[in-house]
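Here's the structure, in structure tokens; my notes come after.
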Amino acid sequence: MSDGNSVVNFGDLSKPATVLIEKISGAIGVLYEPTKIKRMAKAEVEANKIRVLGDIEISEVQQRALSRFVHEEGRKQENIESITYQATAFLDDSADPMAVDNDWISYFFEKCRNISDAEIQGVWARILAGESNNPGSFSKKTLEIIYTLDKSDANIFTTLCSFSLRGRSEFVLVLDYNDEFYKNNGITFPSLNDLEAIGLVKFNSSQNLALLRQPKIVLLDYFGIPIRFTLAQEHNNNLDIGSIILTRAGEELAPICGAKMNPEFLDYLMGFYHKKGIKLDIMYPSV
């Protein structure tokens, strides 16, 4: 929007983006108004100032409090508009923002309006877009968890999700958190405990988990790369998958946390499972 009504330039909007802004405006108040309405609003504010100042004298302390309030609300509005603008880039053509619950939108912006860090705003933007693309994807509990998440924890979770494989569901492979590979990537006993305390993972430090009763050949996917596990027996194999499982909140956030494949992780997997007598075939795409 080039006329200065918004702190960000929304430019030409797609239909889903326009609908999203209309939805947000209806749920939490006006996000953007045309120039004419803005001029009318400014005129009314100025008139109200004159009327109020005619009735009372505002002390210096009250003036400072009013100035602080205006500054804080302006900063919150900047954050709201920035997150909304970023979310428009992640909307699908089939997105249905109008199907998003108004209470969810109100709760969403109540939690993220104080977020000014660019990286964390990006997470909130992807959540807003994800909910618009598929209403019901993110629970209020997940929003509460994200609200308490600091930048270092968010980075650790993103790193953790770079060690995830997908079969019928997604799971993270922390096969031995004492291995140097994990320590070099910031995955340690304390950091895993922190993520469990936040509510993103469940961490079993005493015993590894396993996929039970697996056939001889198990096919899993690592960021679009198929991996074939060849196990010992024809039937009833158990495949070690480490000490971590994602909570519901973790499962909701994993796809939008920005995790990327780590080629060194594939080398680590080969070595780990080779010691257990399991053969891995990594089917890299042909160039």
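- In the hydrophobic clustering of this structure, I282 groups with L175; members are Ile, Leu, Val, Met, Phe, Trp, Tyr whose side-chain heavy atoms approach within less than 4.5 Å, directly or through other members.
- Under 3.5 Å, the side chains of D150 and S152 contain a donor-acceptor pair of N or O atoms.
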Run the numbers on N102 and K23 for side-chain hydrogen bond (donor to acceptor under 3.5 Å, both in side chains), then give the verdict. CA-CA 8 Å; N102 281 348; K23 179 69 174 182; 2.9 Å; yes
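- The minimum heavy-atom distance linking G199 with A249 is given by the pair O-CB, 4.0 Å.
- Taken to the nearest 0.5 Å, the CG atom of N236 stands 10.0 Å off from the CG atom of L212.
- Contact record, I120 with A154: CD1-CB, 4.0 Å, taken as the closest heavy-atom pair.
- Atom NZ of K141 has 12 or fewer heavy atoms from other residues, nucleotides or ligands within 6.0 Å.
- Between the NZ atom in K279 and the CG atom in L231 there is a gap of 12.5 Å [rounded to 0.5 Å].
- Interatomic distance, I80 CD1 to E110 CD, rounded to the nearest 0.5 Å: 11.0 Å.
- Residues I156 and D194 form no side-chain contact, since every pair of their non-hydrogen atoms from C-beta on lies 4.5 Å or further apart.
- Residues S137 and G130 come closest through the heavy atom pair OG-O, 3.8 Å.
- Relative ring orientation between Y182 and F163 is described as perpendicular, the plane-to-plane angle rising above 60° on a 0-90° scale split at 30° and 60°.
- S243 and L209 get closest at one heavy-atom pair: C-CD1, 4.4 Å.
- No side-chain heavy atom of L220 sits under 4.5 Å from any side-chain heavy atom of R166.
- Using a 4.5 Å heavy-atom cutoff, the side chains of L143 and W124 are in contact.
- Side-chain contact between F272 and F181: absent, with no pair of heavy atoms (C-beta onward) separated by less than 4.5 Å.
- Residue pairs satisfying the salt bridge (charged side-chain N to carboxylate O under 4.0 Å, His left out) criterion with at least one member in residues 207-236, sequence neighbours excluded, are listed as follows: R228-D281.
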For N238 and Q214, run side chain to side chain contact (heavy atoms under 4.5 Å, CB included): C-alpha distance rounded to whole Å, both residues' side-chain angles, the deciding distance at 0.1 Å, then the answer. CA-CA 6 Å; N238 294 338; Q214 298 298 303; over 6 Å; no
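- A salt bridge links E252 with R248: at least one charged nitrogen is closer than 4.0 Å to a carboxylate oxygen.
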Run S205 and Y177 through side chain to side chain contact (heavy atoms under 4.5 Å, CB included) and show every step you take. CA-CA 9 Å; S205 61; Y177 58 83; 3.7 Å; yes
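- Among residue pairs with one or both ends in residues 131-159, none qualify as ring-ring contact (aromatic ring centres under 6.0 Å, His included); sequence neighbours excluded.
- Here the closest heavy-atom approach between residue T88 and residue Y85 is recorded as OG1-O, 2.5 Å.
- With rounding to the nearest 0.5 angstrom, the CG atom of D176 is 9.5 Å from the CG atom of D240.
- Linking Ile, Leu, Val, Met, Phe, Trp and Tyr residues whenever their side-chain heavy atoms come within less than 4.5 Å leaves I217 and L239 in two separate clusters.
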Would L160 and L195 count as a side chain to side chain contact (heavy atoms under 4.5 Å, CB included) if you check the C-alpha gap in whole Å, the side-chain angles of each, and the deciding distance to 0.1 Å? CA-CA 10 Å; L160 188 68; L195 292 182; 3.8 Å; yes
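- L246 and L211 end up in the same hydrophobic cluster when Ile, Leu, Val, Met, Phe, Trp and Tyr side chains are linked at under 4.5 Å.
- The CZ atom of R113 sits 14.5 Å away from the CD atom of E81 when rounded to the nearest 0.5 Å.
- Between N79 and I115 there is no side-chain heavy-atom pair separated by less than 4.5 Å.
- More than 12 heavy atoms of other residues, nucleotides or ligands shown are found within 6.0 angstrom of CG on N178.
- Inter-residue side-chain proximity for L219 and I227 is flagged as unmet; no heavy-atom pair is nearer than 4.5 Å.
- Remark: side-chain polar atoms of N133 are not paired, donor with acceptor, to backbone N or O of L91 under 3.5 angstrom.
- At a threshold of 4.5 Å between non-hydrogen side-chain atoms, the residues K202 and T247 count as touching.
- Grouping Ile, Leu, Val, Met, Phe, Trp and Tyr residues whose side-chain heavy atoms lie under 4.5 Å apart, directly or via other members, places V19 in a hydrophobic cluster with M98.
- The stretch residues 255-270 participates, sequence neighbours left out, in these side chain to side chain donor-acceptor pair (under 3.5 Å) pairs: D179-Y268.
- Partners of K151 according to the side-chain hydrogen bond (donor to acceptor under 3.5 Å, both in side chains) rule, which considers only residues two or more places apart in sequence or in another chain, are D117.
- Counting heavy atoms from C-beta on, the side chains of N237 and V218 never come closer than 4.5 Å.
- In terms of heavy-atom proximity, S106 sits nearest to A27 at OG-O, 3.5 Å.
- Side-chain contact of S82 with Q86: a donor-acceptor pair under 3.5 Å is present, judged by distance alone.
- With hydrophobic clusters built from ILVMFWY side chains whose heavy atoms lie under 4.5 angstrom apart, F90 does not share a cluster with I127.
- For the atom pair L200 CG and L192 CG, the distance stands at 11.5 Å (nearest 0.5 Å).
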Give the intermediate values and the outcome of side chain to side chain contact (heavy atoms under 4.5 Å, CB included) for residues F109 and L128. CA-CA 10 Å; F109 283 108; L128 178 58; 4.0 Å; yes
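- The environment of Q233 atom CD is dense: over 12 non-hydrogen atoms of other residues, nucleotides or ligands sit within 6.0 angstrom.
- Salt bridge K76/E73: present, at least one basic N to carboxylate O contact under 4.0 Å.
- Looking at F229, F171, Y284, F265 one by one, the single match for ring pair (Phe, Tyr, Trp, His ring centres under 6.0 Å) with Y222 turns out to be F265.
- Sorted by first then second residue, the side chain to side chain donor-acceptor pair (under 3.5 Å) pairs that include residues 153-164, not counting sequence neighbours, are S164-E170.
- A side-chain N or O of S206 and one of N204 form a donor-acceptor pair less than 3.5 Å apart.
- Under the 4.5 Å side-chain heavy-atom criterion for ILVMFWY residues, no single connected hydrophobic cluster contains both F223 and M283.
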